[in-house]
Amino acid sequence: MVDLKGQYQHIKERVDGSIMNVIETTAFVNGSEVHEFQKELEEYLGVKHVIPCANGTDALQIAMMGLGLKPGDEVITADFTFAATVEVIALLQLTPVLVDVDPITFNIDIEAIKKAITPKTKAIVPVHLFGLAANMDEIMVLAKEHNLYVIEDNAQGIGANYLSKDGSKRKTGTIGHVASTSFFPSKNLGCYGDGGAIFTNDDALAHTIRGIVNHGMYVRYHHDVVGVNSRLDSIQAAVLRAKLPHLDNYNKARIEAANKYSEVFKNIENIIVPGGFDTENNLSERTHVFHQYTLKIKSVDRDALVNHLSEKGIPCGVYYPIPLHLQKAYKDERYKEEDFAVTNQLVKEVISLPMHTELDDEQIKYITETVINFVTK
Ligand SMILES: *Cc1c(COP(=O)(O)O)cnc(C)c1O
């Protein structure tokens with residue numbers, strides 16, 4: 001699904017050099033690489049504060065702790081996403097409220113959010129799923145109307161632009177009150193292990209969060225709040241510093257590969273290509289950065305296609321095969337099946353094809369032909 005080795009070959013010298021430097025200086029924790037990376041990422045995103053932490057799941061949890069959400073507060077998020085999002089809500093004893101998604105963008109459905117808001121609702125967590133920004137304009141309007149926090153789960157969307165109706169253009173993860181991201185190796189900006197970060201433009205919230213990631217300490221050995229231990233290693237920061245200057249090019253390579261896939265698939269019966277974004281082949285407008293390239297397959301057995309592709313040596317993935325509201329851990333008797341019609345359908349139809357920065361035309365040709373042969377046979 002991803003070719004991390006191929007990508008490494010291009011940046012090997014810098015990566016090896018900075019990793020060796022961390023080892024030589026033994027600044028393994030909180031070293032200068034971490035501080036420099038933080039500043040460089042703030043600059044790249046155009047956000048006031050980046051707070052690095054251990055992984056993307058921690059980042060979400062810490063963002064919610066920083067906002068001071070309390071047990072029983074309701075937090076609305078999408079039924080169709082990776083489980084980390086709902087997991088941390090439940091872990092903090094907040095009440096997850098899962099809602100359906102849009103069938104075209106796969107992102108949280110605005111009408112469904114409206115229906116789910118109650119006096120107990122305190123936050124909305126949009127996920128920029130597969131690399132396409134959720135409808136942030138509408139979400140921010142709803143949040144303002146109902147006095148809610150917006151926590152962007154940007155684990156799959158780093159580097160994407162969001163063009164607002166008012167003409168302002170911002171990076172995903174800088175629009176809500178706070179955002180989280182993951183540097184898991186396969187993400188668009190991935191390190192060589194685990195890593196994550198929280199972003200915010202709010203100075204007071206950033207201060208609170210900097211203490212939370214460090215055992216609730218603002219002054220050494222004075223623990224003002226209950227915190228956690230969640231750090232980004234210096235070695236991982238060194239890898240990320242080597243990759244950040246290439247992020248726009250990495251995303252462009254993904255967009256180009258996606259365009260090539262879509263060009264071939266778009267007129268094939270029973271295949272629906274990703275949609276709902278500006279098709280410009282650059283990063284200037286509202287972009288989809290294709291963390292995943294996900295097709296919908298109609299009238300053909302999707303699981304049979306998955307098996308066929310693996311037999312032909314093509315890795316593929318089903319993100320996600322089970323709606324979160326049907327997962328044992330997150331069942332809630334208040335959920336009604338008819339409220340999840342889109343997600344219930346998507347889990348049967350979606351398939352994600354190989355997507356990374358090193359895909360070449362020959363691979364794309366082999367993959368598209370193999371898919372089309374099966375779907376049209
Ligand atoms: C990867 C991911 C996470 C979790 O990140 P980790 O670094 O693996 O903890 C959270 N949300 C979404 C949408 C993700 O894709």
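Note: Tyr293 OH to Asn259 CG = 8.5 Å, rounded to the nearest 0.5 Å. Annotation: the span from Phe82 atom CZ to Leu129 atom CG amounts to 11.5 Å, rounded to 0.5 Å.
Aromatic pair Phe183/Phe37: ring centres closer than 6.0 Å. Two rings, from Phe130 and His288, have their centers 6.0 Å or more apart.
His49 and Asn201 share no donor-acceptor pair across their side chains, judged by distance under 3.5 Å alone. For Asn214 and Asn229, the side-chain atoms include no donor-acceptor pair closer than 3.5 Å. Donor-acceptor pairing under 3.5 Å is lacking for the side chains of Arg254 and Thr357.
Look at Asp203 and Lys48 and you find a salt bridge, because one of the NZ, NE, NH1 or NH2 atoms lies within 4.0 Å of a carboxylate O, short of that distance. Ion pair Glu263/Lys260 not flagged as a salt bridge, since none of the NZ, NE, NH1 or NH2 atoms sits closer than 4.0 Å to an Asp/Glu carboxylate oxygen. Taking the charged nitrogens against the carboxylate oxygens, Lys114 and Glu111 do have a contact shorter than 4.0 Å, which makes a salt bridge.
For Phe374, the ring pair (Phe, Tyr, Trp, His ring centres under 6.0 Å) criterion is met by His308, not counting sequence neighbours. With sequence neighbours excluded, the residues satisfying side-chain hydrogen bond (donor to acceptor under 3.5 Å, both in side chains) with Glu358 are His10. For Asn344, the side-chain hydrogen bond (donor to acceptor under 3.5 Å, both in side chains) test picks out Glu337, with sequence neighbours left out.
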Worked verdict on Ser168 versus Asp166 for side-chain hydrogen bond (donor to acceptor under 3.5 Å, both in side chains): CA-CA 6 Å; Ser168 71; Asp166 66 9; 2.8 Å; yes
Worked check of ring pair (Phe, Tyr, Trp, His ring centres under 6.0 Å) between His356 and Tyr250: CA-CA 8 Å; His356 52 83; Tyr250 290 160; over 10 Å; no
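Note: Tyr192 and Tyr8 have perpendicular aromatic rings, judged against thresholds of 30 and 60 degrees for the angle between ring planes.
Applying the salt bridge (Lys or Arg N to Asp or Glu O under 4.0 Å) rule to pairs touching residues 99-108 yields nothing, sequence neighbours excluded. Pairs of residues two or more places apart, or lying in two chains, that qualify as salt bridge (Lys or Arg N to Asp or Glu O under 4.0 Å) and include a residue from residues 134-156 are Glu138-Lys165.
Minimum heavy-atom separation, His128 to Gly173: NE2-N, 4.2 Å. Considering all non-hydrogen atoms of both residues, Tyr149 and Leu69 come closest at CD1-CD2, 4.0 Å.
The hydrophobic cluster containing Val226, built from Ile/Leu/Val/Met/Phe/Trp/Tyr side-chain heavy atoms closer than 4.5 Å, comprises no other residue.
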